[in-house]
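Just below is one structure, and these are the notes that go with it.
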There are 2 protein chains.
Amino acid sequence: MESPGRSRPRTQSRSKELPIDSILEGDCIAEMARLPDKSVDMIFADPPYNLQLGGDLFRPEGGKVDACDDDWDKFDSLATYDDFTREWLAEARRILKDDGTIWVIGSYHNIYRVGALLQDAEFWILNDIVWRKANPMPNFRGTRFTNAHETLLWCAKDEKARYTFNYRAMKALNDDLQMRSDWVLPICSGSERVKDDAGDKAHPTQKPESLLYRILLACTKPGDVVLDPFFGTGTTGAVARRLGRKWIGIERERSYVKVARQRIDATLPLDESAMTVMADKRSQPRVAFGLLVESGMVPAGSLLMDSKRRWSASVNADGSIACEGNSGSIHKVGATLQGAPSCNGWTFWHVELEDKLQPIDALRQKHLAGL
Amino acid sequence: MESPGRSRPRTQSRSKELPIDSILEGDCIAEMARLPDKSVDMIFADPPYNLQLGGDLFRPEGGKVDACDDDWDKFDSLATYDDFTREWLAEARRILKDDGTIWVIGSYHNIYRVGALLQDAEFWILNDIVWRKANPMPNFRGTRFTNAHETLLWCAKDEKARYTFNYRAMKALNDDLQMRSDWVLPICSGSERVKDDAGDKAHPTQKPESLLYRILLACTKPGDVVLDPFFGTGTTGAVARRLGRKWIGIERERSYVKVARQRIDATLPLDESAMTVMADKRSQPRVAFGLLVESGMVPAGSLLMDSKRRWSASVNADGSIACEGNSGSIHKVGATLQGAPSCNGWTFWHVELEDKLQPIDALRQKHLAGL
DNA sequence: GAATGTCCTGAATCCTCTA
DNA sequence: GTAGAGGATTCAGGACATT
């Protein structure tokens, strides 16, 4: 039997234009080979898991479990699976922009091989994420722990890469707490599950849209291009479209390509205001403290205090401040007084307004808003 | 510098007797080489993670993170780490009984290499278990997802092995539900943390007893022998003794050996009735508002209103909401609008469903019920 | 004694722009 | 390349002191 993706990519010219918002029907390695270098912002990959299932599995009441026994999930050996993985990862690395990131999802059957090969290919793991399934399939035989999670790896191209991470958006999504590496999300079922013409599930391992939603919201910007080399029923494309991201899918099986096209065509993008996420302070334009002094918002000569009124500093005409013999920037003086290695002067220093202390950061926000 | 365990085991006679309930002071590979074939029922291994940390890391308030920067965690390259891992795994496989199992714990830094090498050595993965930390260290710089879990691999010697799994005990421990592959447990802190004479933590990476408790209860029988080749402060020995299992520890650092001996000597075996006391409380799943947005229950762009329709807020893609120039969490915006110090957004905000206003808390309940 | 507040700490691959 | 400066950044829980 011919296994998936194990034919050598034919030498053929690379397209210069990215086939944006479209599905490439064909072998994932051959089709990736046609895409230009450093051209996509993110790759999301849900490769075959190489499940190595034995015989049929029966439920306690007698029904047979509808296992994933498709040909595309079968490999002769671990070495064959490794070769396949190495090949598609090499293409993925070539296509990915230097500041782009790659996500790969898998189960214990394959994720340890994929993870080691990612590291071998010099990808830099940023996090491993556990998708904790809210409603997993029980272990019918009672022989192991219920396999209730899958693992995702999030990697940059190297240690120094400046990847996208929308920290504030993730924090907002998690009730104002940092988003953790364990995500509790339901499996894909009900009306979200794509059915074929006969009413059966169109794909054995369709991923929930909520999973892709979180990934794309966290690690891409609107307009970014996401490549999914194992497109299946097009979950990545549907969510990308909804969130105003561009997408490219690669899929070998014609039946999947068909349902994916229909599905994405039926997906409506959110309107732009709904796509808003909490802005990262790091992406806001810089304001020099001196500007607030010049504009009279914090006149030279006024007093700054820390929140506990332990120190008070006077503002100089040039935007530097002075306190207890120290003078310099709001940050440097704050750090020196506290004996700390660094200090954010914007949140450390306050001004008295209507009997209440207000951080000077609030004045900066006013300034940015043009007030 | 000579790294741990990388010296070749000297050819020396193997003991015929197992050194039951004792600590072998020495290099883990050399000491394992002296143990007889197929002699232990379980191996629990907590090897170096090879963290590859850079410079110092400071907390927002100025404190310095006490990193694990010990020499025993430093390896020259991934290849060196792989060689080390291959060697101790080969000894582990030799020592393990044919129906015994091995557990290995790690983080994303090392677990993918360990997992792949376990498979290469023909171990058969039974489960990967996620230890979800109830109280992980935050990501202080806001650059990644909070690294809130570690991974354990549970393997038999081959596909056909008849390993021990105490299904009923696990189910009982989990409120009569099948024990899942994700375990929520607190990190080791407080009085459980072993201190040295100076009152500092004796070991940088001590594991919680609750973790070992669950593992030993699940996968060994009373009287079984558990080998821990990276014994540290002896958590495995202490829990084994408490649960009536036999143990062997290998540890190179004399200071760890000393505290481990004291600790285990002070541990009393539990009588059976007391053993269930350690069962952990189940954690109430917390639902973030963002989850309802991700899952499409409250799509981005929809409108929220207070019960008197005085204000209406629009939902952003990240689960934050916006109203009259304020944006933030459902709680924060509700509080700001009312001029209140705090606000329960779940009961304050409503959605219109079938011409009736319904608090979003009702949707949360639906979500919790799996609808 | 109970309630409240302060301080400390945990396996961490933890910044970015300009000169 | 490197050096320096700006300024962004934390959650839960236990110990211990204070009210």
Side-chain angles (χ1 to χ4, degrees), chain A residues 119 123-128 155-156 158-163 165 167-168 171 174-181 280-290 308 319 328-332 334-335 340-349 360-361 364, chain B residues 46-70 72-75 78 105-111 131 133-151 184 186-193 195 199-201 203-208 230 232 283 286:
Chain A
Q119 291 181 308
F123 283 102
W124 188 251
I125 300 179
L126 295 166
N127 277 117
D128 59 346
C155 309
D158 61 72
E159 187 177 351
K160 303 288 177 206
R162 295 192 311 196
Y163 53 89
F165 180 57
Y167 176 74
R168 285 284 169 194
K171 197 167 170 176
N174 194 39
D175 269 3
D176 271 349
L177 291 176
Q178 288 192 338
M179 185 67 81
R180 301 168 36 118
S181 57
D280 224 294
K281 275 214 171 146
R282 282 174 271 238
S283 62
Q284 287 177 359
R286 282 212 176 162
V287 177
F289 179 65
K308 291 177 185 166
S329 72
I330 50 174
H331 315 295
K332 197 168 272 180
S342 68
C343 166
N344 182 347
W346 289 107
T347 49
F348 180 74
W349 294 111
I360 55 177
D361 189 45
R364 174 171 62 159
Chain B
D46 181 9
Y49 288 8
N50 187 26
L51 287 184
Q52 309 162 64
L53 301 177
D56 289 338
L57 178 64
F58 292 92
R59 301 163 187 271
E61 89 281 3
K64 195 173 134 196
V65 173
D66 185 19
C68 174
D69 53 1
D70 301 70
W72 52 253
D73 197 52
K74 292 194 167 65
F75 293 81
L78 288 180
I105 184 168
S107 66
Y108 68 84
H109 309 83
N110 71 321
I111 201 66
W131 168 27
K133 300 182 185 181
N135 46 350
M137 184 157 65
N139 181 290
F140 295 117
R141 307 303 290 269
T143 56
R144 304 181 180 189
F145 299 98
T146 307
N147 188 9
H149 74 276
E150 294 188 23
T151 302
V184 180
I187 60 175
C188 179
S189 67
S191 60
E192 187 188 328
R193 191 91 196 204
K195 307 291 195 302
D200 300 319
K201 61 186 176 192
H203 192 284
T205 71
Q206 187 183 338
K207 296 296 176 287
F230 306 95
S283 62
R286 222 175 37 81

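By convention in this document, chain letters (A, B, ...) are assigned in the order of the sequence lines, proteins followed by strands, and residues within each chain are numbered from 1.
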- Message: Just the rounded figure in Å: distance from P of C:dC14 to CD of A:Glu159.
- Response: 7 Å
- Message: Syn or anti for C:dT13, given that syn means the glycosidic angle lies within 90° of 0?
- Response: syn
- Measure from CD on B:Gln206 to P on C:dG10 and round the result to the nearest Å. 11 Å
- Does the C:dG10 base have a donor-acceptor partner in the side chain of B:Arg59 within less than 3.5 Å? yes
- Query: Nearest-Å distance, CZ (B:Phe145) to C1' (D:dT9)?
  - Reply: 17 Å
- Checking only heavy atoms, does the side chain of B:Lys207 share a donor-acceptor pair with the base of C:dA11 at less than 3.5 Å? yes
- Note on the structure: Closest of C:dG10, C:dT13, D:dG7 to the B:Pro138 side chain is C:dG10
- Among D:dA12, C:dA12, D:dT10, the one nearest any side-chain atom of B:Tyr108 is C:dA12
- Item | Among D:dT10, C:dG10, D:dA8, the nucleotide that comes nearest once only the side chain of B:Asp66 is considered | C:dG10
- Query: What nucleic acid atoms does B:Pro47 come within less than 4.0 Å of, heavy atoms only: base, sugar-phosphate, or nothing?
  - Reply: base
- Query: What is the nucleic acid contact for A:Ser329, judged by heavy atoms within less than 4.0 Å: base, sugar-phosphate only, or nothing?
  - Reply: sugar-phosphate
- Task: Taking only the side-chain nitrogens and oxygens of B:Tyr49, find out if one of them lies under 4.0 Å from OP1 or OP2 of C:dT13.
- Result: no
- Under 4.0 Å: is that the gap between some side-chain N or O of B:Asn147 and OP1 or OP2 of C:dA12? no
- Item | Pairing nucleotide - D:dT2, Watson-Crick or G-U, each distance under 3.5 Å | C:dA19
- Message: Considering every strand and a 4.0 Å limit on heavy-atom distances, what is the contact class for B:Cys188: base, sugar-phosphate, or nothing?
- Response: nothing
- Pairwise P distance for D:dG6 and C:dC14, with rounding to whole Å: 24 Å
- Calculate the interatomic distance between B:Ile187 atom CD1 and D:dG13 atom P; express it in whole Å. 10 Å
- Message: Taking the minimum atom-to-atom distance to the side chain of A:Arg162, which one of C:dA12, C:dT13, C:dC17 wins?
- Response: C:dC17
- Query: Are A:His331 and D:dG6 close enough that a side-chain N or O sits under 4.0 Å from OP1 or OP2?
  - Reply: no
- Item | Between D:dT10 (C1') and A:Arg168 (CZ): distance, integer Å | 11 Å
- Message: Side chain of A:Thr347 only, heavy atoms from C-beta on: which candidate in D:dT9, C:dT9, C:dC14 is closest?
- Response: D:dT9
- Task: Could you tell me the separation between the CG atom of A:Leu126 and the P atom of C:dC15, rounded to a whole number of Å?
- Result: 12 Å
- Message: When you compare the side chain of B:His149 with that of B:Trp131, does any pair of heavy atoms fall below 4.5 Å?
- Response: no
- Contacts of A:Lys308 and B:Asp56 projected onto DNA chain C by closest heavy atom; the upstream (5') one is A:Lys308
- Message: Does the structure show a Watson-Crick or G-U wobble partner for D:dA8, both distances under 3.5 Å? Name it, or say none.
- Response: none
- 5'-most contact on DNA chain C: A:Trp124 or A:Arg286, nearest heavy atom basis? A:Trp124
- Any side-chain donor near an acceptor of the partner, B:Ser107 and B:His109, under 3.5 Å: yes
- Message: Tell me whether the side-chain N or O atoms of B:Arg144 pair up with the base of C:dT13 as donor and acceptor below 3.5 Å, since no angle test is needed here.
- Response: yes
- Query: With a non-hydrogen cut-off below 4.0 angstrom, is B:Gly55 in contact with a base, only sugar-phosphate, or nothing?
  - Reply: base
- Query: OP1 or OP2 of C:dA11 less than 4.0 angstrom from a side-chain nitrogen or oxygen of B:Arg193, does that happen here?
  - Reply: yes
- Query: Between atom CG in A:Asn344 and atom P in C:dC15, what is the gap in whole Å?
  - Reply: 15 Å
- Message: When the C1' atoms of C:dT13 and D:dG13 are compared, how many Å lie between them, rounded to an integer?
- Response: 26 Å
- Would you say A:Tyr167 reaches D:dT10's phosphate, i.e. side-chain N/O to OP1/OP2 under 4.0 Å? yes
- Message: Within the 4.0 Å heavy-atom criterion, would you say B:Asp46 contacts the bases, only the backbone, or no part of the nucleic acid?
- Response: base
- Message: Using only atom types and a distance under 3.5 Å, with no angle test, would you say the side chain of B:Asp73 pairs donor to acceptor with the backbone of B:Leu51?
- Response: yes
- Between the base of D:dA15 and the side chain of B:Ser191, is there any donor-acceptor pair under 3.5 Å? no
- Query: Can you tell if the side chain of B:Phe58 reaches within under 4.5 Å of the side chain of A:Ser342, non-hydrogen atoms only?
  - Reply: no
- Task: Starting at atom CG of A:Asp176, determine the distance to atom P of D:dT10, rounded to an integer number of angstrom.
- Result: 10 Å
- Euclidean distance for C1', D:dT10 against C:dC7 (whole angstrom): 15 Å
- Query: Under 4.0 angstrom, heavy atoms only, what part of the nucleic acid is A:Ile125 near: base, sugar-phosphate, or nothing?
  - Reply: base
- Message: Both distances below 3.5 Å, Watson-Crick or wobble geometry, any strand: find the nucleotide opposite D:dC16.
- Response: C:dG5
- Task: Name the closest nucleotide to the B:Ala67 side chain, picking from C:dA12, D:dC11, C:dA11.
- Result: C:dA12
- Query: Between D:dC11, C:dA11, D:dA8, which nucleotide has the shortest distance from any of its atoms to the side chain of A:Trp346?
  - Reply: D:dA8
- Item | Sugar-phosphate only, base, or nothing, as touched by B:Ala134 at under 4.0 Å among non-hydrogen atoms | sugar-phosphate
- Message: Check the phosphate of D:dT9 against A:Lys171, side-chain N and O only, distance under 4.0 Å to OP1 or OP2. Yes or no?
- Response: no
- Within-4.5 Å side-chain heavy-atom neighbours: B:Leu78 and B:Asn50: yes
- The nucleotide from D:dG13, C:dA12, D:dC11 with an atom nearest the side chain of B:Leu57 is C:dA12
- Message: Would you measure the distance from the C1' atom in D:dT9 across to the matching atom in C:dA12 and give it in whole Å?
- Response: 14 Å
- Query: Given C:dA11, C:dG10, C:dA12, which nucleotide is nearest the side-chain atoms of B:Lys201?
  - Reply: C:dG10
- Query: Taking A:Trp346 for the side chain and A:Arg364 for the main chain, is one N or O donor matched with an acceptor at less than 3.5 Å?
  - Reply: no
- Run the salt-bridge test on A:Lys160 and A:Asp158 with the 4.0 Å N-O cut-off and return the result as yes or no. no
- Query: Given C:dT13, D:dG7, D:dC11, which nucleotide is nearest the side-chain atoms of B:Arg141?
  - Reply: D:dG7
- Compare the ring of B:Phe140 with the six-membered ring in the base of C:dC14 and state whether they stack (centres under 5.5 Å, planes under 30°). no
- Side chains of B:Asn147 and B:Tyr108 in contact at under 4.5 Å (non-hydrogen atoms): yes
- Task: Would you mind reporting whether B:Lys195 and B:Asp200 have side-chain heavy atoms less than 4.5 Å apart?
- Result: no
